[in-house]
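Structure first, commentary second.
One-based numbering, in listed order, for ligands and for the atoms of each.
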Amino acid sequence: MALRDILSIPDKRLRQVSKPVAKIDASIKKLVEDMFETMYEAPGIGLAAIQIGEPKRVVTMDLAKKEGEKEPQVFINPEIVEESDETSVHEEGCLSIPEYYEEVERPARVTVKYRDLDGKEHKEKATGLFAVCIQHEIDHLDGVLFIDHISKLKRDRVVKKFTKAAKQSAKDEAKDSRKAAAK
Ligand code: K1U
Ligand code: ZN
């Protein structure tokens, strides 16, 4: 297992459309292990493979209610096959947009089709936090972020803040490497 870095905005890789998994082999099992380690450490309740730079349609999730208990779930090639007309509003966060939370309106109920790590196909109805989280994660697989569902004004403000921070840390890193080279 390996703890992986989580990409944050404005990294362009987060806008990629991830590719379906053709074969669930050892490399996918290793990817899933790394995703769980990274998600639990963050901590988060969900993670899409692209958030650690792997453009594959793989999602991990754990919505366990009791502290100390684990309910790990893996979704390979997840697809929403039905959604309710009724919507609900839920506050969302994103490990790729740390410490930013905003209310998002989405279908209240969805039916999701996916394969598990053994390749077995499932079709499940999702409501509540499961519905919110699976829609958020499938959005990641399509290069969509939860800030795409909020007002342009709020989105521009948060993108600007993270772009400025990314430029500053690139400058700081360049300065540090010049210093190290001069020693
Ligand atoms: O995909 C991600 O970026 C993970 C994200 C999932 C998510 C959260 C809330 C609504 C929709 C999707 C997170 O896990 S953000 C962190 C978070 O919500 C959390 C962390 C620790 C305990 C409880 C929640
Ligand atoms: Zn996210």
Side-chain angles (χ1 to χ4, degrees), residues 1-19 21 28 31-80 83-84 86-112 114 124-151 154-159 161-163 165-166:
M1 286 220 284
L3 191 59
R4 307 272 293 263
D5 287 337
I6 298 178
L7 306 180
S8 53
I9 60 165
D11 195 308
K12 286 190 170 61
R13 286 172 287 179
L14 289 166
R15 294 305 192 175
Q16 267 179 267
V17 176
S18 296
K19 294 242 159 59
V21 172
I28 295 296
L31 170 63
V32 166
E33 283 181 7
D34 289 357
M35 288 173 67
F36 275 121
E37 184 173 353
T38 306
M39 184 186 86
Y40 285 129
E41 203 272 341
I45 55 173
L47 192 73
I50 191 58
Q51 291 179 278
I52 58 165
E54 301 275 357
K56 297 186 175 115
R57 299 188 84 84
V58 178
V59 165
T60 54
M61 200 181 288
D62 192 330
L63 303 178
K65 287 197 183 81
K66 288 188 191 149
E67 208 167 314
E69 278 187 16
K70 281 189 177 173
E71 283 174 24
Q73 284 181 277
V74 181
F75 302 86
I76 310 234
N77 300 336
E79 262 178 78
I80 287 167
E83 59 182 42
S84 62
E86 190 194 327
T87 60
S88 65
V89 175
H90 198 285
E91 185 171 84
E92 297 191 20
C94 183
L95 298 175
S96 297
I97 313 173
E99 287 164 42
Y100 182 74
Y101 301 89
E102 200 52 70
E103 289 192 331
V104 176
E105 185 176 11
R106 298 183 184 271
R109 297 174 298 281
V110 295
T111 302
V112 57
Y114 63 95
E124 263 181 55
K125 286 200 169 125
T127 59
L129 185 57
F130 181 25
V132 173
C133 199
I134 195 68
Q135 290 178 80
H136 177 114
E137 302 306 335
I138 292 175
D139 268 358
H140 273 303
L141 305 182
D142 292 326
V144 174
L145 299 170
F146 86 94
I147 53 171
D148 299 333
H149 297 286
I150 66 175
S151 75
K154 286 180 179 170
R155 181 169 60 253
D156 288 351
R157 206 185 291 155
V158 65
V159 169
K161 183 179 155 198
F162 277 83
T163 303

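Atoms of ligand 1 found under 4.0 Å from any heavy atom of C94, numbered from 1 in the order shown, are 3 (O), 15 (S). Residue contact check: G44 has heavy atoms under 4.0 Å from atoms 14 (O), 20 (C) of ligand 1.
At least one N or O atom of H136 sits closer than 3.5 Å to an N or O atom of ligand 1. Between L95 and ligand 1, at least one pair of N/O atoms sits closer than 3.5 Å. Residue-to-ligand polar distances keep H90 apart from ligand 1: every N/O pair is separated by 3.5 Å or more. Of the N or O atoms in I45, one or more lie within a sub-3.5 Å distance of an N or O in ligand 1.
Between the choices S96, A131, S8, P43, the shortest heavy-atom distance to atom 21 (C) of ligand 1 belongs to P43. Nearest to atom 7 (C) of ligand 1 by heavy atom, out of A42, G46, G93, A48, is G93.
Of the possible polar contacts, none joining the R109 side chain to the A131 backbone as a donor-acceptor pair under 3.5 Å is found. Side-chain atoms of E105 do not come within 3.5 Å of backbone N or O of T87 as any donor-acceptor pair. Side chain of E37 to backbone of E33: no donor-acceptor contact under 3.5 angstrom is found. When atom types are taken as modelled, the side chain of D142 and the backbone of V144 share no donor-acceptor pair closer than 3.5 angstrom. No donor-acceptor pair under 3.5 Å is formed between the side chain of E41 and the backbone N or O of T38. Using a distance-only test at 3.5 Å, with no hydrogens or angles considered, a donor-acceptor pair links the side chain of S84 to the main chain of A108. Proximity of a side-chain donor or acceptor of D34 to a complementary backbone N or O of L31 within less than 3.5 Å is not detected.
Summary of contacts: the protein heavy atom closest to atom 6 (C) of ligand 1 is E137 OE2, 3.5 Å.
Using a 4.5 Å cut-off on side-chain heavy atoms (C-beta onward), E137 and H140 make contact.
The shortest heavy-atom distance from Q51 to ligand 1 is under 4.0 Å.
Our summary of the site lists the angle at the Zn ion (ligand 2) between NE2 of H136 and NE2 of H140 as 100°, to the nearest 10 degrees.
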